[in-house]
Each structure stands twice: as structure tokens, then as C-alpha cells.
Number of protein chains: 2
Amino acid sequence: MTLHYVIPLVFPPSSFFTIPMLTEITKEEVISRLRNAGISPSGPRIAVFHFLCNNHIHPTVDTIFHALSPENPTLSRTTVYNTLKLLLAKKLIQSVKIEDTEVRFDGNPAFHAHFKCRQCDCIIDLFDVPCPAIPQSEDFQIELPQVNFYGICRNCQQKLKA
Amino acid sequence: MTLHYVIPLVFPPSSFFTIPMLTEITKEEVISRLRNAGISPSGPRIAVFHFLCNNHIHPTVDTIFHALSPENPTLSRTTVYNTLKLLLAKKLIQSVKIEDTEVRFDGNPAFHAHFKCRQCDCIIDLFDVPCPAIPQSEDFQIELPQVNFYGICRNCQQKLKA
DNA sequence: TTTAGATTTGTAATGAAAACAATTTTAATA
DNA sequence: TATTAAAATTGTTTTCATTACAAATCTAAA
């Protein structure tokens with residue numbers, strides 16, 4: 001079977017750039033999600049998870065640390081690392097391996113593809129790229145795949161044109 | 001349109017594990033490919049590219065360096081880095097961003113998915129996972145996507161059963 | 001109030017990658 | 001063949017994300 005796709009003239013095309021309802025996730029909702037996952041909702045954990053849920057910028061550890069430090073003066077990088085590892089293990093977030101050497105994080109654990117702009121290094125969610133078939137085993141769970149695109153984002157395309 | 005997939009009992013299932021003809025790529029063929037790409041075929045470049053074409057193990061820089069050092073006693077890590085960067089720019093190879101912090105390399109630049117075993121850390125080519133639709137722009141080339149699966153490979157599944 | 005376990009913190013260590021300058025090689029020209 | 005400029009390679013140094021580790025702090029149960 002061959003699938004045919006409409007080839008858009010700009011990237012990301014609107015059909016690949018659906019923006020989901022960006023309702024603010026409250027601290028209470030964050031605490032509830034942590035409790036449901038069996039994680040005791042400490043201050044740093046609430047802060048890190050809340051930041052990831054409401055900032056769809058696929059931050060690095062350092063970005064998270066610097067964003068939260070002013071409000072949490074005693075926060076340490078190690079705690080950010082520990083917290084992210086814990087959230088990943090409980091599948092409350094996902095990691096995005098789209099850079100060569102550093103990991104980025106995404107507060108939305110559901111499958112979606114990502115696009116990295118080679119010009120401005122932004123990372124954009126692509127909610128309308130279908131998830132590739134995930135082979136399942138009787139004995140083992142195969143995790144969601146990562147699907148990463150690379151290129152030039154629409155903003156940078158327009159800047160380069162001008 | 002909904003697609004239905006046969007769910008295999010073991011992973012990787014045979015249909016996801018097609019092994020292409022693994023004919024040895026000769027040094028002459030390697031030199032020819034380098035010349036066609038406008039790269040002068042120096043000793044280190046031939047060695048690195050030849051290694052990648054004939055060892056489908058998705059090696060790291062360090063693995064390549066240690067594999068080639070005995071035959072090339074003066075080879076330096078920096079040269080391996082430089083050569084890989086050049087081969088990538090000319091699209092003779094591809095990088096595989098499937099680990100958190102280090103990049104792996106693949107002598108086959110054509111699209112195929114990858115699977116990483118969380119148990120033994122091996123990386124397996126999945127030649128039968130279809131390439132997601134690649135949005136194309138009039139002005140900019142969007143590069144091939146990376147599709148990465150994670151889980152437990154068949155070997156480790158059997159070891160864990162026993 | 002005590003105390004054990006959980007959590008957080010800061011420092012040190014690791015290691016991949018990049019930056020950099022110097023050396024060596026190559027290839028064109030005299 | 002000799003000269004020389006560009007290309008390629010090399011080793012060292014630096015950077016920086018991540019991990020390891022041990023000490024300090026906090027939490028919640030007894």
C-alpha cells in the first residue's frame with residue numbers, strides 16, 4: 001500500500017502544527033498528578049513539574065534550574081536532575097533526545113513528534129505526525145518511539161527570505 | 001483512515017528486522033564515494049568511512065577511534081571527530097541521537113528506524129518501519145527524521161526468561 | 001521528642017565534544 | 001627537483017552536561 005501526502009509549501013504546515021488547548025496546569029493539579037504516581041509532592045518536585053507542564057519550550061536541565069532559582073533560592077541542580085529522573089521513571093514527562101549532547105524535557109508524556117530548527121535551535125511540537133506502529137511483546141512493553149525532524153522553522157525561513 | 005497492525009509476540013518481529021544484503025564495501029568503493037562527494041580520500045577518512053560502512057554497530061567516536069588505532073597508530077580523536085563531521089555534512093553517513101549524551105554513527109545514510117535495548121545497550125536497525133511523511137518546503141530542505149524505539153531486544157528477552 | 005528514612009544540597013569526578021594552535025602532508029608551481 | 005601555500009592531521013586544553021558521592025536537612029511515624 002502506498003500512502004500519498006499533500007506536500008505543504010511552508011514548514012511547519014498548519015496541519016502539522018496543531019496547538020492543543022493550553023490551559024494552565026495549577027499547582028493543585030500538579031500535586032494531584034504527583035500523588036497519583038506515588039511521588040510525595042515536595043517543593044522542588046512541584047516546582048519542576050509545574051514548570052514543565054506550563055512551559056512548552058522543551059527546556060534543558062540548566063534552563064529549568066535558572067528559571068526556578070529566583071523563587072527557590074536553595075534549589076540545586078542535582079535536585080533538578082533527581083526530580084526529572086523520577087518524573088521520567090513514573091512517565092509523567094518525557095525526554096527529548098534531539099540534540100547531540102544534552103537532553104531536553106517535555107511535560108507532555110503522550111506521543112508527539114518534535115521539530116528542531118537548525119537556525120534558532122527552537123524545538124516545536126508536531127502533534128499531527130502519526131505515531132509509528134509500536135511493536136508489542138507479550139512479555140515486554142516497548143516504549144513510545146521518538147520521532148524527530150530537523151530543518152528551518154517558519155520564523156527563520158521568513159527572516160532568511162528578507 | 002485507520003491502519004491496523006499485526007501485533008507480534010516477540011520484539012523485534014521478523015517483519016521489523018529485515019536484514020539487507022551485507023556485502024562488504026571495499027576500500028575502492030569507499031574511495032569512490034568520497035571522491036563523488038568532493039572529499040579527498042585521505043588515509044584517516046578512508047579508514048573511518050570504511051569502518052562505518054562495514055560495521056553496523058552504530059559506534060561512538062571512541063569505539064571508532066579504538067577500533068582503528070592499531071592499524072593507524074598516529075590517528076587522533078580529533079581527526080575522527082573532524083572526519084565524521086565532514087561525512088555528515090556530505091550526507092555519506094547519519095548520526096543517531098538515541099543516547100542521552102553521546103552521538104552514535106551509522107554508515108547507511110538512508111532512512112531507517114533504530115531500536116535501543118535498555119538491557120544490553122545494543123542498537124538495532126529497523127528497516128521496515130516506514131518513514132514518517134516528511135513535510136517539504138519550497139525554500140528549505142527538511143532532513144530525514146530520526147525514529148527511535150526503546151525496549152528490550154529479543155536476545156535479552158530470552159536471557160531474562162531463563 | 002526521638003529517630004529512621006526520605007529528600008535535598010554542594011562538591012567532586014567523569015567523559016563527550018569543541019576550541020585551538022602547531023605540525024605534517026599534499027599538490028600545484030617555479 | 002625545490003618551493004610554497006593550502007589542506008589535513010595531531011595533541012593539548014577547555015568546556016560543560018551528567019553522574020557519583022557524602023553531608024545536611026526535612027518529614028513523618030513511633
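In the text below, chain A, chain B and the rest are named by the order of the sequence lines, each starting its count at 1.
- An OP1 or OP2 oxygen of C/dA16 is reached within less than 4.0 angstrom by no side-chain nitrogen or oxygen of B/T60.
- Of the listed nucleotides (C/dA17, C/dT9, D/dT9), C/dA17 has the atom at the smallest distance from the side chain of A/T101.
- As rounded to whole Å, 15 Å separates atom C1' of D/dT25 from atom CG of A/L75.
- Side chain of B/T78, nearest nucleotide from D/dT18, C/dC20, C/dT7: C/dC20.
- In this structure, the nucleotide among C/dT8, D/dT10, D/dA8 sitting nearest to the side chain of B/R45 is D/dA8.
- If you measure from atom CD of A/E102 to atom C1' of D/dA17, you get 7 Å, rounded to the nearest angstrom.
- Proximity of A/D106 to A/H114: side-chain heavy atoms (C-beta onward) are separated by under 4.5 Å at one or more points.
- Residue order along DNA chain D, read from the 5' end via each residue's closest nucleotide, puts B/T83 first among B/D100 and B/T83.
- For B/S42, whose side chain is taken as the heavy atoms from C-beta onward, the closest listed nucleotide among C/dT9, D/dG11, D/dT9 is D/dT9.
- With D/dA17, C/dA18, D/dT10 as the choices, the nucleotide that has an atom nearest any side-chain atom of B/Y81 turns out to be C/dA18.
- Ring planes of A/H112 and A/H58: tilted class, angle from 30 to 60°.
- The side chain of B/D62 sits closest to C/dA16 out of C/dT9, C/dA16, D/dT9.
- Relative to the side chain of B/P44, the nucleotides D/dA17, D/dT10, C/dT7 differ in distance, and D/dT10 lies closest.
- Remark: side-chain polar atoms of A/Q157 are paired, donor with acceptor, to backbone N or O of A/I152 under 3.5 angstrom.
- Here the options are A/L87, A/L92, A/L88, the test is side chain to side chain contact (heavy atoms under 4.5 Å, CB included), and the partner is A/K90; only A/L92 passes.
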